[in-house]
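Below is one structure, written out as structure tokens; the observations come after it.
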Amino acid sequence: MARVSVEYKDHIAHVTLTRGDKMNALDDAMIKAILTAGYEVATSDARAVVLTGEGKSFCAGLDMASFAKMVHMDPTEWLMTRSHEDANEMQELALIWRRIPVPVICAIQGVAYGGGLQIALGADIRIAHPESKLALMEMKWGIIPDMGGMVLLPKLVRSDVLRLLTYTARPIGAPQAADWGLVTKLSDDPVTEALALAEDIAGQSPSAIRAAKRLIDVAETKSRTEVLLEESSEQVALIGKPDQIEVVTAQMQGRRPEFK
């Protein structure tokens with residue numbers, strides 16, 4: 001059975017986790033399907049991505065069979081192997097969404113627990129239903145968050161919040177998550193709102209949007225000197241080029257830009 005679907009419409013890639021009867025919990029097939037979908041979208045001409053889960057929840061994290069399987073695996077071989085650039089397979093489930101060159105918007109309903117939350121954190125923007133719940137659930141099972149969360153979380157929340165979430169594994173409501181920075185905004189219909197936002201982004205200059213995502217990544221990870229240089233370099237590559245000329249022309253003519 002397929003675990004993930006990818007649909008393209010109006011330059012938007014809609015990626016849906018399709019194991020709704022199991023709260024989109026992660027098993028081997030789901031893990032491989034998410035990575036396959038991510039890399040497919042990364043090489044497509046999509047201008048924005050919406051990431052959702054079918055059914056009542058976004059993703060409840062690893063399923064119970066996966067936890068049972070851990071007992072019989074060599075954790076060193078499984079986790080220390082850098083199979084995806086600087087990450088292992090499990091970390092790539094979250095980081096692939098940052099590697100995708102266009103903005104990714106995650107719509108959260110129900111729960112986003114453990115690995116499910118870390119996948120959502122890989123998105124650029126998270127829109128959650130007010131009644132949804134989020135948790136770093138790993139401590140409940142005697143392990144730590146290890147799916148890219150420790151790369152992504154320190155950029156989103158204060159240190160004390162990160163420690164509370166990690167040490168306790170307590171679920172928190174979406175309003176609290178929004179206050180703490182885990183969630184961008186709340187919506188009674190997060191999927192519809194995510195698609196509307198993706199449509200807005202897809203209508204911007206494709207080259208400028210990709211440059212902006214690259215630049216933000218540099219801004220969050222590099223030194224002041226490197227960031228200033230990258231600002232200039234990315235701008236030089238945009239000014240006077242076809243996408244930028246079309247934006248200016250469309251503004252002057254009072255119409256929507258049409259990009260080739």
Side-chain angles (χ1 to χ4, degrees), residues 15-17 19-20 22-26 34 48-64 67 90-91 93-98 103-198 200-201 216-217 219-221:
V15 180
T16 307
L17 311 185
R19 202 185 181 201
K22 301 293 185 182
M23 298 175 71
N24 297 309
L26 302 168
I34 290 172
V49 180
V50 172
L51 177 61
T52 64
E54 75 170 14
K56 295 181 179 180
S57 287
F58 173 67
C59 178
L62 285 179
D63 69 2
M64 296 308 297
F67 278 111
M90 301 303 292
Q91 292 164 333
L93 288 174
L95 298 180
I96 179 58
W97 309 107
R98 289 297 171 95
V104 178
I105 306 154
C106 182
I108 300 171
Q109 80 283 0
V111 306
Y113 285 167
L117 174 56
Q118 290 174 84
I119 290 170
L121 295 175
D124 296 76
I125 296 164
R126 283 159 297 285
I127 301 174
H129 191 280
E131 296 180 1
S132 60
K133 301 286 187 182
L134 297 85
L136 290 175
M137 195 62 75
E138 285 78 6
M139 192 60 66
K140 178 179 178 180
W141 305 104
I143 56 177
I144 59 170
D146 70 333
M147 290 174 54
M150 291 302 166
V151 171
L152 302 166
L153 281 162
K155 299 181 178 69
L156 297 172
V157 301
R158 303 189 316 256
S159 177
D160 59 327
V161 171
L162 172 56
R163 292 164 191 270
L164 184 152
L165 294 170
T166 303
Y167 298 158
T168 67
R170 292 176 183 168
I172 59 170
Q176 179 67 80
D179 286 344
W180 281 345
L182 287 172
V183 166
T184 311
K185 64 180 302 186
L186 304 178
S187 172
D188 289 332
D189 190 346
V191 175
T192 297
E193 183 140 352
L195 288 168
L197 180 56
D200 186 20
I201 292 170
I216 291 169
D217 186 58
E220 290 180 337
T221 58

message = Looking at Gly110, is its backbone amide N or carbonyl O close enough to the side chain of Ser57 to form a donor-acceptor pair, meaning the two atoms are under 3.5 Å apart?
response = no
task = For the pair Leu117 and Phe58, evaluate side-chain contact (heavy atoms from CB on, under 4.5 Å) and give the outcome as yes or no after the intermediate values.
result = CA-CA 9 Å; Leu117 174 56; Phe58 173 67; over 6 Å; no
task = State, with a plain yes or no, whether a side-chain heavy atom of Ile144 is found less than 4.5 Å away from one of Met150.
result = no
ask   = Is the backbone of Gly55 close enough, under 3.5 Å, to the side chain of Gln109 for a donor and an acceptor to pair up by distance?
value = yes
request  = Start with the C-alpha distance between Leu136 and Glu138, add both sets of side-chain angles, then the distance that settles side-chain contact (heavy atoms from CB on, under 4.5 Å), and finish with yes or no.
outcome  = CA-CA 6 Å; Leu136 290 175; Glu138 285 78 6; 4.0 Å; yes
inquiry  = Quick check against the 3.5 Å criterion: does Arg126 have a side-chain atom that pairs as donor or acceptor with the backbone of Thr184?
reply    = no
ask   = Would you say Val104 and Val15 make side-chain contact, with heavy atoms under 4.5 Å?
value = no
query = Does the side chain of Arg98 reach to within under 4.5 Å of the side chain of Val151, using non-hydrogen atoms?
reply = no
note = Interatomic distance, CD1@Ile172 vs OG@Ser132, rounded to 0.5 Å, equals 9.5 Å
query = Heavy-atom distance under 4.5 Å between the side chains of Leu121 and Met147, does that happen here?
reply = no
remark   = For Ala48 and Ile201, the nearest pair of non-hydrogen atoms, with its separation, is CB-CG2, 4.2 Å
key: Least distance between heavy atoms, Asn24 atom then Gly20 atom   = OD1-N, 3.2 Å
inquiry  = Could you tell me if the side chain of Met137 sits less than 4.5 Å from the side chain of Leu62, heavy atoms only?
reply    = no
Straight-line distance of Cys106 SG to Ile125 CD1, nearest 0.5 Å = 11.0 Å
ask   = If you look at every heavy atom in Met23 and Val111, which pair is closest and at what distance?
value = CE-CG2, 3.5 Å
inquiry  = Just verifying a value: how many Å separate Thr168 OG1 and Met139 CE, rounded to the nearest 0.5 Å?
reply    = 9.0 Å
note = To the nearest 0.5 Å, atom CD of Gln176 lies from atom CG of Asp179 at 5.5 Å
ask   = Is the side chain of Gln118 donor-acceptor paired with the backbone N or O of Gly149 at a distance under 3.5 Å, no angle test?
value = yes
Contact summary for Leu93 and Ile119, nearest pair of heavy atoms = O-CG1, 3.8 Å
ask   = Going by heavy atoms in the side chains, are Asp63 and Lys22 under 4.5 Å from each other?
value = no
key: Heavy-atom check, side chain of Asp160 versus side chain of Leu162, under 4.5 Å   = no
query = In Å, rounded to the nearest 0.5 Å, how long is the span from OG1 of Thr52 to CD1 of Ile108?
reply = 11.0 Å
query = In terms of heavy-atom contacts, does CD of Glu131 have more than 12 from other residues, nucleotides or ligands at under 6.0 Å?
reply = no
inquiry  = Rounded at 0.5 Å granularity, tell me how far CG in Leu17 sits from CD in Glu54.
reply    = 8.5 Å
request  = Using a 4.5 Å cut-off on heavy atoms from C-beta on, say whether the side chain of Leu152 contacts that of Trp97.
outcome  = no
query = How far apart are the closest heavy atoms of Ala174 and Pro130, and which atoms are they?
reply = CB-O, 3.8 Å
ask   = What are the two closest heavy atoms between Thr221 and Asp217, and how far apart are they?
value = OG1-O, 2.8 Å
ask   = Got a donor-acceptor contact below 3.5 angstrom from the Asp124 side chain to the Ile105 backbone?
value = no
